[in-house]
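As structure tokens, the structure follows; a few thoughts come after it.
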Amino acid sequence: MSSTSRNVIPIEDEVRKAIIELKKGNPASGVAKIHSLLLHANSSWTVSEKRVRKILQSEGLINSDPGTPNSTTNIIHPSFRLNKSLDVNKWTNRVEVKYFDAIKGKGLVAKENIAKGDVLWKEDPFILAPEWEIYDLQHLSEACSFCSSIIRDHSPLHISCEASTTATPCTARYCNRLCRLQAEKVHPLLCSARNPASVPLLTFARDAQWMALHALAQCTSRLLLASQQDAATFDLDWEVVQGLAELGMEERAQCLREQGLEPDRENWRRAFELYLQAFKEPRTPAEQKKLARVLKKSISEELQKFTFEYQAFLRGLGRMSLNLEAHGGLYRLHSHLNHSCTPNVSIRHLDQRTALSRITVIAKEDFEIGQELLITYTNPQSSLRDRRRRLSEWGFGPCRCERCVTEEKVWKESDSNTQEADDLADQLKAGLGVL
């Protein structure tokens with residue numbers, strides 16, 4: 001190779017693509033090794049090691065801590081699975097599920113042209129772990145325990161939990177008979193009258209304001225109660241839960257460790273003990289007898305492993321955190337929506353008098369056929385750094401939406417003089433031998 005062969009400074013997109021491919025093929029390699037591989041594969045390029053490091057950092061492929069510039073991190077992404085039994089047409093015939101790839105997973109795209117302001121669908125939750133203000137109203141019998149609508153006024157339509165007695169009270173109250181019937185899919189195992197062993201778990205979740213734990217209790221109750229019904233009923237609920245994006249708490253801890261944060265494993269263990277106490281191993285014979293009255297059929301080995309093993313519990317917590325809507329509902333179709341820092345659909349709770357938990361999905365812009373529907377997982381008012389940090393906590397790589405790419409470009413241009421000086425120095429060193 002001649003001393004003047006390295007005389008091309010590649011454009012940003014070209015070098016970025018090459019570095020990402022090299023890192024995917026050599027995940028354990030640090031900056032220096034990736035830099036060496038890049039130059040070996042592109043003999044005419046002049047690229048500084050500093051430029052390689054910055055690209056790897058911006059893509060979340062190495063630690064961005066300047067004190068440890070060559071450290072690497074495992075590439076962790078949430079896992080995905082398609083729910084083949086999901087009938088999207090129950091909610092809308094204007095969108096469909098699309099599988100993108102192993103990293104991005106699934107999403108929703110338009111099946112037809114959609115106009116800005118169109119209502120795309122309305123959806124009731126699979127389970128609901130409402131915001132704590134609403135949860136407290138439910139415990140005061142001032143909000144429906146199923147749909148969460150406020151029911152402070154007295155009406156003959158309002159119905160209390162049928163298991164509640166003076167000796168074993170339950171505060172659950174429903175805005176109508178339909179809500180009470182629907183609540184039977186979840187409530188019996190969380191009822192203080194029918195399953196008092198669940199009270200310590202729910203109290204712990206409330207005191208810790210741990211919405212994911214509350215949601216997991218709701219979801220576990222629904223699955224266990226479905227297992228007491230016919231196989232078709234259970235299979236439908238099982239497919240919903242299995243199809244949710246998943247990143248376990250231990251995997252998330254690896255992401256948080258990059259930010260200098262350590263997990264609270266003591267709280268995890270305490271929550272797991274209360275969880276088992278609620279659904280599997282009540283402490284007293286009286287509580288055990290009450291649980292047996294609700295769960296009369298034996299629980300399958302597959303469901304027991306999915307539910308009652310510690311690592312499965314941690315995955316369940318992560319699954320809830322990843323998929324909950326901002327106000328605490330878990331929705332079959334909504335859970336398919338991917339992220340953008342400039343979302344093109346909005347989620348509204350419009351039916352506040354009759355169905356507060358029901359969401360309405362509205363187009364924020366015009367859509368063409370095949371265009372993806374996107375919400376935001378972060379606070380869109382935050383800076384680029386803060387938004388990417390928040391996404392990295394759950395194993396999502398750096399957002400490459402148009403807004404983030406533009407903001408990243410501005411950030412890079414502010415440092416362009418330093419970068420150009422580095423590249424020029426490398427070119428002079430390689431081509432002229434003067435440095």
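Predicted model, so just to flag it, every value in this text is computed and none were measured.
- For the pair S85 (side chain) and L236 (backbone), a donor-acceptor distance under 3.5 Å is absent.
- For the pair R270 and E266, the salt-bridge criterion is not met [side-chain N within less than 4.0 Å of a carboxylate O].
- Between N176 and I159 there is no side-chain heavy-atom pair separated by less than 4.5 Å.
- Between N344 and Q371 the shortest side-chain heavy-atom distance falls below 4.5 Å.
- Considering every non-hydrogen atom in both A271 and L201, the closest pair reads O-CD1, 4.0 Å.
- For the atom pair R180 CZ and C144 SG, the distance stands at 11.5 Å (nearest 0.5 Å).
- Of the listed residues (D235, D230, D237), just one forms a side-chain hydrogen bond (donor to acceptor under 3.5 Å, both in side chains) with T233, and that residue is D230.
- Under the 3.5 Å distance criterion, the side-chain polar atoms of D118 are left unmatched by any main-chain donor or acceptor of L120.
- The side-chain heavy atoms of L213 and L317, taken from C-beta on, include a pair separated by under 4.5 Å.
- Contact check on K116 versus D366 returns no salt bridge, with no Lys/Arg side-chain nitrogen under 4.0 Å from an Asp/Glu carboxylate oxygen.
- Salt-bridge check for E250 with R265: passed, with a basic side-chain N closer than 4.0 Å to an acidic carboxylate O.
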| request: For R53 and E49, run salt bridge (Lys or Arg N to Asp or Glu O under 4.0 Å): C-alpha distance rounded to whole Å, both residues' side-chain angles, the deciding distance at 0.1 Å, then the answer. | output: CA-CA 6 Å; R53 180 181 298 116; E49 185 174 315; 3.4 Å; yes
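- Without hydrogens or angle criteria, S357 side chain to C147 main chain gives a donor-acceptor distance under 3.5 Å.
- The main-chain N or O of L330 is never found under 3.5 Å from a side-chain atom of N323 such that the two would form a donor-acceptor pair.
- The environment of CZ in R400 is crowded: more than 12 heavy-atom neighbours from other residues, nucleotides or ligands sit within 6.0 Å.
- Residue pairs meeting the ring pair (Phe, Tyr, Trp, His ring centres under 6.0 Å) criterion with at least one partner in residues 363-392, sequence neighbours excluded, are H339-Y377, Y377-F396.
- A distance of 9.0 Å separates CG of L38 from CZ of R51, quoted to the nearest 0.5 Å.
- Between I375 and H334, the shortest heavy-atom distance links the atoms CD1-NE2, 3.9 Å.
- The two residues W268 and A253 have their closest heavy-atom pair at CH2-CB, 4.5 Å.
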| message | Is there a side-chain contact (heavy atoms from CB on, under 4.5 Å) between L337 and Y331? Walk through the geometry before answering. | response | CA-CA 10 Å; L337 291 166; Y331 300 84; over 6 Å; no
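- Side chain of S335 to backbone of R332: a donor-acceptor contact under 3.5 angstrom is found.
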| request: Evaluate side-chain contact (heavy atoms from CB on, under 4.5 Å) for L108 paired with N338, printing each intermediate quantity in order. | output: CA-CA 8 Å; L108 296 177; N338 285 321; over 6 Å; no
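- For the pair L322 and L247, the tightest heavy-atom approach, listed with the atom from each and the gap, is CD1-N, 3.4 Å.
- Side-chain atoms of R390 do not come within 3.5 Å of backbone N or O of S382 as any donor-acceptor pair.
- For the atom pair CG of L391 and CG of D386, the computed distance is 11.0 Å after rounding to the nearest 0.5 Å.
- With hydrogens and angles disregarded, no donor-acceptor distance shorter than 3.5 Å links the side chain of T203 to the backbone of P200.
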| Verdict with supporting geometry, R403 and E407, salt bridge (Lys or Arg N to Asp or Glu O under 4.0 Å) | CA-CA 6 Å; R403 176 186 173 187; E407 290 181 10; 2.9 Å; yes
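- Between R81 and E246 there is no salt bridge, since none of the side-chain N atoms of the basic residue sits less than 4.0 Å from a carboxylate O of the acidic one.
- Taking 4.5 Å as the limit, every side-chain heavy atom of P263 sits out of range of all side-chain heavy atoms of M249.
- Checking side-chain atoms of S198 against main-chain N and O of N195 turns up a donor-acceptor pair under 3.5 Å.
- Heavy-atom contacts from other residues, nucleotides or ligands closer than 6.0 Å to NZ of K33 number 12 or fewer.
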| query | What do the steps show when you test K111 against E96 for salt bridge (Lys or Arg N to Asp or Glu O under 4.0 Å), and what is the final call? | reply | CA-CA 6 Å; K111 287 176 64 178; E96 62 184 348; 5.1 Å; no
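- We find the CG-CH2 distance between L384 and W411 to be 8.5 Å, quoted to the nearest 0.5 Å.
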| message | Assess the residue pair L224 and L303 against the criterion (side-chain contact (heavy atoms from CB on, under 4.5 Å)); give the C-alpha distance rounded to whole Å, side-chain angles, the decisive distance to 0.1 Å, and a yes or no. | response | CA-CA 8 Å; L224 292 175; L303 181 55; 4.0 Å; yes
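- Between the side chain of S149 and the main chain of L356, a donor-acceptor pair closer than 3.5 Å is present.
- The side-chain heavy atoms of R319 and V241, taken from C-beta on, include a pair separated by under 4.5 Å.
- Of all the heavy atoms in F146 and L128, the pair that sits closest is O-CD2, 3.7 Å.
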| query | Are V294 and L225 close enough, and set up right, to give a side-chain contact (heavy atoms from CB on, under 4.5 Å), and what steps lead you there? | reply | CA-CA 8 Å; V294 179; L225 290 170; 3.7 Å; yes
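- R388 has a carboxylate O that lies under 4.0 Å from a charged side-chain N of E408, or vice versa, which qualifies the two as a salt bridge.
- Cation-pi contact between R222 and F126: present, with separation from the ring centre below 6.0 Å and deviation from the ring axis of at most 45°.
- The list of salt bridge (Lys or Arg N to Asp or Glu O under 4.0 Å) pairs with a residue in residues 297-309, not counting sequence neighbours, reads E301-K305.
- With hydrogens and angles ignored, the 3.5 Å screen pairs no side-chain donor or acceptor of H214 with any backbone N or O of P130.
- Here the rule is ring pair (Phe, Tyr, Trp, His ring centres under 6.0 Å) with F313, and of F308, F272, F306, F279 only F272 fits it.
- Residues R283 and E273 are not paired through a salt bridge, judged by the lack of any N-O separation under 4.0 Å between the basic side chain and the carboxylate.
- The distance from atom CG of L37 to atom CG of L22, rounded to the nearest 0.5 Å, is 5.5 Å.
- Rounded to the nearest 0.5 angstrom, R387 CZ and C404 SG are separated by 4.0 Å.
- The side-chain heavy atoms of E325 and H349, taken from C-beta on, include a pair separated by under 4.5 Å.
- Put simply, the side chain of C341 does not reach to within 4.5 Å of the side chain of P380, judged on heavy atoms.
- Of all the heavy atoms in E251 and G248, the pair that sits closest is OE1-CA, 3.0 Å.
- A 4.5 Å side-chain heavy-atom check between V361 and T92 finds every atom pair outside the cut-off.
- Between W210 and F204, the two ring planes are tilted [angle within 30° to 60°].
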